[in-house]
Asks: 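Before I ask anything, let me first share the structure, which is written out below as structure tokens.
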Amino acid sequence: MNIDDLAKGIIAGERRALARAITLVESGRADHRAAAADLLAKLPSDRQALRIGLSGTPGVGKSTFIESFGMMLTAQGMRVAVLAVDPSSARSGGSILGDKTRMDRLSREPRAFIRPSPSQTHLGGVARRSREAVRLCEAAGFDVVLIETVGVGQSETVVAEMSDAFVLLLAPAGGDELQGVKRGIMEIADLIVINKADGDLKSTAARTRADYAGALRLLRKRPQDPGGYPRATAVSALEEDGLDETWAALQELIEWRRAKGFWDHTRAAQARYWFEQDVKQRLLAQLETPQAKDDLARLSDAVAEGARDPAEAAAEFVSRLRAD
Ligand SMILES: Nc1nc2c(ncn2[C@@H]2O[C@H](COP(=O)(O)OP(=O)(O)OP(=O)(O)O)[C@@H](O)[C@H]2O)c(=O)[nH]1
Ligand SMILES: [Mg+2]
């Protein structure tokens, strides 16, 4: 595979080149990793998409929302990429099939590009691959990159750390269920969107929206937010109602952040965060080599038997790692 041609294809916005490049960054093979690094270095860094993270529990309507929201954006002339971050994608077999039918219109839309999550169980690996896929989409000239996750474990934090804005999709519910949303997730959300505001659920959705708007006002004000944010809206992804207000709210937020320097500031902080994560991950990977495992087992036995002091044995272990 010629990396220069691949880079040219991506910059020209060719979908096949983009798809092949994402496959490359998803690969764990050492030669693929090297080629991927080479490719990423050849791509311009001056193209920036609006990266929107989107999370919500299974069945809340993420796929339906992405389809409607994505169709609205492409109708306005924007190019939209959809990526999924799903650490538990042992289930992807089914969910890809499901999404093909649920995002039927968007998957046939020339201005849209949909890519399911790589099948990987390790969140750290998924995070790096997803970040690189986002960069590839930006280099390919997409205006908006939607990064979807089904909020399990730490995946919301992972997605928030690669997004310019984070949207939490919720279902209409009674007041007591408001407690069910973890405070940490409320704190990373820029926009809470109550979906299924249609039919019998319309008035419940309006009440839920008001409840969350109230709860958001009680949170500590964040420097990166203009007055009135984080905000809550109500939509019907199915009936395509309220989507334009939601988009307007996102745009207002983003324009404010750009004007005040928070856009650049946040991206810089995110780059720092990922650098530190990668350092930690590489160090942890060093513990997994056969030699390290042997040393660890041997020293740990010696410590358990009282033959070695824990701190002294740890120091020896680490200096052996460095020597390798
Ligand atoms: N009434 C109503 N139903 C909706 C709406 N959005 C989605 N649904 C329905 O809710 C169900 C789940 O929708 P999905 O879009 O597949 O939800 P999801 O969050 O992607 O689910 P997972 O992929 O399993 O995590 C489907 O039956 C949808 O038709 C809506 O705005 N109104
Ligand atoms: Mg879905």
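Hydrogens, waters and symmetry mates play no part in the numbers below; they use all other heavy atoms, side chains included. Ligands are counted one by one from 1 in listed order, and the atoms in each one are counted from 1 as well.
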Asks: Ligand 1 and L238, any nitrogen or oxygen pair closer than 3.5 angstrom?
Replies: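 Yes, there is a polar N/O contact under 3.5 Å.
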
Asks: Do any nitrogen or oxygen atoms of K62 lie less than 3.5 angstrom from nitrogen or oxygen atoms of ligand 1?
Replies: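 Indeed, backbone or side chain, K62 has an N or O that close.
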
Asks: At the 4.0 Å heavy-atom cut-off, does I66 count as touching ligand 1?
Replies: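 No, I66 has no heavy atom closer than 4.0 Å to ligand 1.
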
Asks: For G56 and ligand 1, answer yes if some heavy atom of the residue is under 4.0 Å from a ligand atom, otherwise no.
Replies: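 So G56 does not count as touching ligand 1.
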
Asks: Judged by modelled atom types alone, do Q251 and W247 share a side-chain donor-acceptor pair under 3.5 Å?
Replies: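 Yes, because at least one side-chain N or O of Q251 sits under 3.5 Å from a partner of the opposite role on W247.
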
Asks: For A237 and ligand 1, does the shortest N/O to N/O distance drop below 3.5 Å?
Replies: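 Yes, since at least one N or O of A237 sits under 3.5 Å from an N or O of ligand 1.
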
Asks: Nearest 0.5 Å, please: how far is CD in E67 from OG in S107?
Replies: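 Spacing of OG (S107) from CD (E67) equals 7.0 Å.
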
Asks: Could you tell me whether a side-chain N or O of D143 sits under 3.5 Å from a main-chain N or O of R79, the two making a donor and an acceptor?
Replies: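 The answer is yes, because a donor-acceptor pair under 3.5 Å joins these two groups.
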
Asks: Can you tell me how far the CD1 atom of I66 sits from the CD1 atom of I114, to the nearest 0.5 Å?
Replies: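 Going from the CD1 atom of I66 to the CD1 atom of I114 covers 8.0 Å.
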
Asks: Taking distance alone, with no angle check, do G59 and ligand 1 share an N/O pair under 3.5 Å?
Replies: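 Such a contact does occur with ligand 1.
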
Asks: Does NZ or CZ of R258 fall inside the cone over W263's six-membered ring, less than 6.0 Å from its centre and within 45° of the axis?
Replies: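 R258 over W263 ring: yes.
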
Asks: I want to know if ligand 1 touches S63 in the polar sense, i.e. an N/O pair below 3.5 angstrom.
Replies: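 Yes; at least one N/O pair falls below 3.5 Å.
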
Asks: How about T64: does one of its N, O or S atoms come closer than 2.8 Å to the Mg ion (ligand 2)?
Replies: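 Checking the Mg ion (ligand 2) against T64, no N, O or S atom falls under 2.8 Å.
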
Asks: Is any N or O atom of G61, backbone or side chain, closer than 3.5 Å to an N or O atom of ligand 1?
Replies: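 The answer is yes, given that G61 and ligand 1 share an N or O pair closer than 3.5 Å.
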
Asks: May I ask you to list the atoms of ligand 1 that are less than 4.0 angstrom from any heavy atom of T64?
Replies: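 Atoms satisfying the 4.0 Å criterion: 6 (N), 7 (C), 13 (O), 14 (P), 15 (O), 28 (C).
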
Asks: Are the aromatic rings of W256 and Y229 close, with centres under 6.0 Å apart?
Replies: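 No, too far apart.
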
Asks: Could you check whether any heavy atom of G199 sits closer than 4.0 Å to an atom of ligand 1, since that is the contact criterion I want to use?
Replies: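 It does not; every heavy atom stays at 4.0 Å or beyond.
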
Asks: Would the number of heavy atoms belonging to other residues, nucleotides or ligands and lying under 6.0 Å from CG of D4 be above 12?
Replies: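 Atom CG in D4 is packed in, count exceeds 12.
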
Asks: Heavy atoms only, cut-off 4.0 Å: how does T57 contact ligand 1, side chain, backbone, both, or neither?
Replies: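 For T57, only backbone atoms sit under 4.0 Å from ligand 1.
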
Asks: Only heavy atoms of D198, strictly under 4.0 Å: list the atoms of ligand 1 that pass.
Replies: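 With D198 as reference, the close atoms of ligand 1 come out as 1 (N), 2 (C), 30 (C), 31 (O), 32 (N).
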
Asks: To the nearest 0.5 Å, what is the distance between CG on N195 and OG1 on T208?
Replies: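 Reported value, rounded in 0.5 Å steps: 11.5 Å.
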
Asks: Any side-chain donor paired with an acceptor under 3.5 Å for R231 and T246?
Replies: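 No, T246 and R231 have no side-chain donor paired with an acceptor closer than 3.5 Å.
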
